[in-house]
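Below is one structure, written out as structure tokens, with a few remarks after it.
One is the number of the first residue; the rest follow in order along the sequence.
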Amino acid sequence: MNTVKDFKKDDFPLHSVEVGEWNGFIFLNLSEQPKLIDQTFAPLTKRFSHLQINNLLVKEQIIYDVNCNWKFVLQNYCECYHCPLLHPALSKIYHYTGGQNDLYSGRFLGGYNQLNENFESVSHSGKLSCPPLDGIKDDDLNRVYFYSMFPNMLISVHPEYVMYHTVWPVGIDKCRIFCSWLFSENVFRSKKHNTKDAIDFWDLTNKQDWHISELSQLGVRSRKYFPSPYSGQESLLAAFDEYYLSELKASA
């Protein structure tokens, strides 16, 4: 284009994208009128600010290719109604009704599950795989916090580590999931702690979730499929649907 008369490259720039950082995670906002990230993430600020997640390091990451629409993965994460049947080991660690949601509408959904007596963490042994994170104290030592972050991030805060997923559509019936485990730098460098106790437990649990999500995909493809009401244990799924539909209408 250098040979084209009166052509100015500045008249044809790449589109700009709003970039924001939250607790060490980088987010892109493709909106034409993006809000400041501190404003968008305000509902989560008090829940995570004391943990200094940005100082944690990725100990391990596992990538999964799953044969289902990405929304099934988000919805599966937002309820534990399926846990007693699908996750017998997990159900020993916390009861599916043993918690409380504190964000139940909008972009962020979730709350906590209370660990059962004699369990310290979500791991094969049920014990802490390493010392608790700085900032974890009092009731949080016996809780796991689960939040879905629209559109495609899931974050789980355990007493001694943080697990997060990002879910990426590959097609209408396929997605790729990146699951990462974050530990403190001292644990990351040390060889004293059995972090695999927690990582391997969640790898097994993840695969159970992906399996049921794939079965759900097969179900909705059936000519006999029709929607049915959610139960009271699935209120966050209804909230996810409502917010997703509102976003579709806003972008139409």
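Counting heavy-atom neighbours within 6.0 Å of Y81 OH, excluding the residue itself, gives a total of 12 or less. Counting non-hydrogen atoms of neighbouring residues, nucleotides and ligands closer than 6.0 angstrom, the CG atom of L248 exceeds 12 such neighbours. Shown here is Q233, whose CD atom has more than 12 heavy atoms of other residues, nucleotides or ligands within 6.0 Å. Residue H50 places its NE2 atom among more than 12 non-hydrogen atoms of other residues, nucleotides or ligands, all under 6.0 Å distant. Residue-environment remark: CG (D134) stays at or below the threshold of 12 foreign heavy atoms within 6.0 Å. No more than 12 heavy atoms of other residues, nucleotides or ligands shown are found within 6.0 angstrom of OH on Y104.
The two residues C83 and Y96 come nearest to each other via the heavy atoms CB-CB, 4.4 Å. The two residues N29 and S31 have their closest heavy-atom pair at OD1-N, 2.9 Å. Here the closest non-hydrogen pair linking G20 and I37 is C-CD1, 3.5 Å. In plain terms, the two heavy atoms of W70 and V167 that are nearest each other are CB-CG1, 3.8 Å.
I53 is listed as a side-chain neighbour of L182, based on a closest heavy-atom distance under 4.5 Å. Between M153 and F25 there is a side-chain heavy-atom pair separated by less than 4.5 Å. Side chains of I63 and Q61 form a contact here, defined as non-hydrogen atoms less than 4.5 Å apart. V144 places none of its side-chain heavy atoms less than 4.5 Å from the side chain of Q114. Taking 4.5 Å as the limit, some side-chain heavy atom of W168 sits within range of a side-chain heavy atom of N152. Two residues are said to be in side-chain contact when any heavy atoms from C-beta on lie closer than 4.5 Å; P159 and L133 fail this criterion. F7 places a side-chain heavy atom less than 4.5 Å from the side chain of K9. Side chains of V162 and I155 form a contact here, defined as non-hydrogen atoms less than 4.5 Å apart.
Checked against the 6.0 Å centroid criterion, the rings of F108 and F41 qualify as a close aromatic pair. You'll find the ring centres of W22 and F48 inside the 6.0 Å limit. Ring pair Y145/Y112: centre-to-centre distance below 6.0 Å. In this structure, H158 has its ring center at least 6.0 angstrom away from the ring center of W181.
Here the straight-line distance linking atom CZ of F72 with atom CD1 of I212 works out to 10.5 Å at 0.5 Å rounding. Taken from CG in L74 to CG in L236, the straight-line distance is 11.5 Å, to the nearest 0.5 Å. Put simply, CZ on F183 and CZ on R189 are 14.5 Å apart, with the number rounded to the nearest 0.5 Å. To the nearest 0.5 angstrom, Q100 atom CD is 8.0 Å from R143 atom CZ. Y94 contributes atom OH, which lies 5.0 Å from atom SG of C80 (distance to the nearest 0.5 angstrom).
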Original post:
Checking salt bridge (Lys or Arg N to Asp or Glu O under 4.0 Å) for the pair D102/R47: CA distance, chi angles, key distance, verdict?
Top reply: CA-CA 10 Å; D102 52 24; R47 292 163 175 78; 3.4 Å; yes

Do H165 and N206 pass the side chain to side chain donor-acceptor pair (under 3.5 Å) test, and can you show the C-alpha distance, the side-chain angles, and the key distance before you say yes or no?
CA-CA 10 Å; H165 301 75; N206 281 338; 3.2 Å; yes

As a quick check of understanding, evaluate side chain to side chain donor-acceptor pair (under 3.5 Å) for Q75 and D241, giving each step before the final call.
CA-CA 9 Å; Q75 290 193 321; D241 289 354; 2.6 Å; yes

- Could you walk me through whether H95 and T97 pass side chain to side chain donor-acceptor pair (under 3.5 Å), step by step? CA-CA 5 Å; H95 194 271; T97 62; 2.7 Å; yes

Go through the steps for F27 and E21 under the test side-chain contact (heavy atoms from CB on, under 4.5 Å), then give the verdict. CA-CA 6 Å; F27 291 85; E21 183 268 336; over 6 Å; no

E60 and K196: salt bridge (Lys or Arg N to Asp or Glu O under 4.0 Å), yes or no, with the steps?
CA-CA 9 Å; E60 188 165 338; K196 295 288 286 183; 3.4 Å; yes

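For E160 and S129, the side-chain atoms include at least one donor-acceptor pair closer than 3.5 Å. For the residue pair D209 / Y64, no side-chain donor-acceptor distance below 3.5 Å is found, with atom types taken as modelled.
A cation-pi contact links K59 to F188, judged by a cut-off of 6.0 Å to the six-membered ring centre and 45° from its axis. For the pair R107 and F150, the cation does not sit on the ring face, since its NZ or CZ is not both under 6.0 Å from the ring centre and inside 45° of the axis.
The closest donor-acceptor contact from the side chain of Q39 to the backbone of A42 lies at 3.5 Å or more, if one exists at all.
With D197 as the partner, the side chain to side chain contact (heavy atoms under 4.5 Å, CB included) test is satisfied by one option alone out of S123, C130, S121: S123.
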